[in-house]
Visitor: 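Have a look at the structure that comes next, please.
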There are 2 protein chains.
Amino acid sequence: MVMHMTKPSIDRRVARTRATLHQTLMSLILKQGYEAITIRDICDAANVGRSTFYAHYTSKEDLMRSGIENLRQVLLDRQRDALATPGDRSHRSLGFSLTLFEHARDHIDLHRGLVGGGTVALGIIRQILSDVVRDEIAATGDKKSSDAIPRELVVQYVVGAYMAVLTWWLDRGAKPPPTEVDRMFRRLATDGVLPHLAEGGSP
Amino acid sequence: MVMHMTKPSIDRRVARTRATLHQTLMSLILKQGYEAITIRDICDAANVGRSTFYAHYTSKEDLMRSGIENLRQVLLDRQRDALATPGDRSHRSLGFSLTLFEHARDHIDLHRGLVGGGTVALGIIRQILSDVVRDEIAATGDKKSSDAIPRELVVQYVVGAYMAVLTWWLDRGAKPPPTEVDRMFRRLATDGVLPHLAEGGSP
DNA sequence: GCACAATTGGACAAGGTGTACGTTAATGGG
DNA sequence: CCCATTAACGTACACCTTGTCCAATTGTGC
């Protein structure tokens with residue numbers, strides 16, 4: 001109801017400060033790694049008073065968290081749009097995959113910073129992805145786990161595998177186009193890994 | 001059985017100190033989480049002088065690293081034994097899975113500490129697991145990736161998925177027996193996740 | 001233009017880090 | 001059993017980061 005809460009004409013200074021801090025954090029992560037960064041480093045590199053930092057965030061983790069929360073909205077919106085569109089992508093299982101790869105391609109530096117963003121970032125991203133996948137599973141089919149595999153285990157399995165593929169892709173400069181790496185991930189997830197391990201097929 | 005190579009009469013004091021530090025680190029991880037631990041905390045809890053700590057390790061990460069390297073040997077030995085035995089486990093794809101689940105069951109606190117051991121521990125474990133899986137893939141079959149999926153991507157996919165399942169299992173107290181969670185992981189990996197998403201099978 | 005909010009820079013205490021060194025105590029070879 | 005060796009101790013030190021406070025300055029929005 002009260003839409004005026006988040007944006008009742010935000011002071012340009014705070015917007016500028018926060019944006020600068022986010023950008024600086026990401027670039028510093030790429031330069032020296034997340035753990036090695038101090039709040040001093042961020043403020044120095046961003047030309048922002050240290051007092052100002054504490055006026056906006058309580059810690060390095062808080063800054064990182066805030067940056068990721070922005071991302072969450074973007075992803076949820078994109079997924080909502082994709083689900084609303086009766087196109088080919090909506091009713092495809094693992095539909096989140098291509099959407100995410102495309103978003104990563106459009107913001108490579110951001111995503112590279114995120115996957116290198118230490119325990120905090122990876123934990124939050126895992127959380128966000130888990131929510132997305134859980135929703136998608138619930139929407140795609142209401143069949144309960146056929147045998148005895150808990151649904152949450154399937155979610156964690158998919159998320160873990162996906163984040164590994166995403167990291168692999170980003171670490172190699174995101175060379176293959178999103179459509180291709182998406183196809184590879186989907187194949188591994190749906191057909192299983194056996195065809196890519198041994199010729200034998202099913203023993 | 002007494003490997004005289006690596007231990008040409010190690011002073012009992014250093015053995016005791018190092019073991020105590022490792023144990024203390026693990027217990028502290030379970031209590032307050034890896035990131036929140038200071039070297040002071042470790043020394044106080046272990047009743048070890050802070051100077052002594054620096055006589056053995058250079059940092060918290062160094063201590064963690066050293067503990068994991070011990071684990072690497074244990075795992076490699078176990079895998080070597082498993083491969084040498086012509087039993088049912090050796091020529092099964094993803095054969096590392098059950099071995100690891102069993103080892104985790106036998107050292108639950110250790111493994112819980114490791115998966116909660118921050119970026120350092122997770123990175124090293126991922127490295128170790130990648131090596132194991134890579135070797136296993138190379139040994140299981142020498143078929144090159146059928147279509148266009150790089151072998152290293154398959155490795156990362158499997159490792160990411162496995163670590164997610166292992167974490168899920170440990171976080172729930174490792175209730176299901178290793179054989180069962182191993183069966184679930186193998187099913188997801190070989191049959192794919194589709195049977196557990198929707199009834200439709202292949203669209 | 002003016003009131004107000006944001007930013008700044010400095011100062012401060014508290015606490016962690018690494019290193020150095022003299023002292024104490026345990027170890028293991030002779 | 002004794003003693004040289006070596007580890008462990010603890011204290012002290014300089015350095016850095018953190019988080020908080022405040023007065024002064026600068027930029028915004030109305």
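So that the names make sense, note that chain A is the first sequence line, chain B the second, and so on, each numbered from 1.
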Visitor: Is any NZ, NE, NH1 or NH2 atom of the basic residue among A:Arg50 and A:Asp44 found under 4.0 Å from an Asp or Glu carboxylate oxygen of the other?
Guide: no
Visitor: Scan A:Thr52 against the nucleic acid and name what it touches under 4.0 Å (heavy atoms): base, sugar-phosphate only, or nothing.
Guide: base
Visitor: State whether B:Asp77 and B:Arg80 are salt-bridged, where the test is any N-O pair (Lys NZ or Arg NE/NH1/NH2 against Asp/Glu carboxylate O) under 4.0 Å.
Guide: yes
Visitor: Does the A:Thr190 side chain pair with the main chain of A:Arg186, one donor and one acceptor, at a distance under 3.5 Å?
Guide: yes
Visitor: For the side chain of B:Tyr54, counting heavy atoms from C-beta on, which of C:dG18, D:dG27, D:dG10 is nearest?
Guide: C:dG18
Visitor: Between atom CD1 in B:Ile42 and atom P in C:dG18, what is the gap in whole Å?
Guide: 11 Å
Visitor: Confirm from the modelled atom types if B:Thr38 and C:dG16 form a donor-acceptor pair under 3.5 Å, side chain to base only.
Guide: no
Visitor: Taking the inter-plane angle between the rings of A:Phe101 and A:Tyr162 on a 0 to 90° scale, is it parallel (under 30°), tilted (30 to 60°) or perpendicular (over 60°)?
Guide: tilted
Visitor: Does B:Asp41 reach a base, just sugar-phosphate, or nothing at all? Heavy atoms under 4.0 Å.
Guide: nothing
Visitor: Could you state the CG-C1' distance from B:Asp11 to C:dA25, rounded to the nearest angstrom?
Guide: 12 Å
Visitor: Provide the full list of side chain to side chain donor-acceptor pair (under 3.5 Å) pairs with a residue in residues 166-176 of chain B, sequence neighbours left out, each pair given once.
Guide: none
Visitor: So, OP1 or OP2 of D:dA7: does either fall under 4.0 Å of a side-chain N or O from B:His56?
Guide: no
Visitor: Mind checking B:Ser59 for me? I need base, sugar-phosphate or nothing, with any heavy atom below 4.0 Å counting as a touch.
Guide: nothing
Visitor: Measure from CG on A:Leu63 to P on D:dG19 and round the result to the nearest Å.
Guide: 13 Å
Visitor: Give a yes/no on whether any side-chain N or O of B:Ser51 is located under 4.0 angstrom from OP1 or OP2 of C:dC21.
Guide: no
Visitor: Just compare C:dT8, C:dG28, C:dT17 and give me whichever is closest to any side-chain atom of B:Arg12.
Guide: C:dG28
Visitor: Could you work out which one of D:dC9, D:dA12, D:dA8 sits closest to the side chain of B:Arg50?
Guide: D:dA12
Visitor: Provide, to the nearest angstrom, the distance between the CD atom belonging to B:Glu35 and the P atom belonging to C:dG16.
Guide: 16 Å
Visitor: Side chain of B:Arg13 only, heavy atoms from C-beta on: which candidate in C:dT27, D:dC9, C:dA5 is closest?
Guide: C:dT27
Visitor: Can you figure out which of C:dT8, D:dT28, D:dT17 approaches the side chain of A:Arg40 most closely?
Guide: D:dT17
Visitor: Among the candidates D:dA8, D:dC9, D:dT18, find the nucleotide nearest to the side-chain atoms of A:Ile39.
Guide: D:dT18
Visitor: Whole angstroms only, please: what is the CZ-P distance between B:Phe53 and C:dT19?
Guide: 12 Å
Visitor: In whole angstrom, give the distance that lies between atom CD1 of A:Ile10 and atom C1' of C:dC4.
Guide: 16 Å
Visitor: Whole Å only: how far is the CZ atom of B:Arg16 from the P atom of D:dT6?
Guide: 19 Å
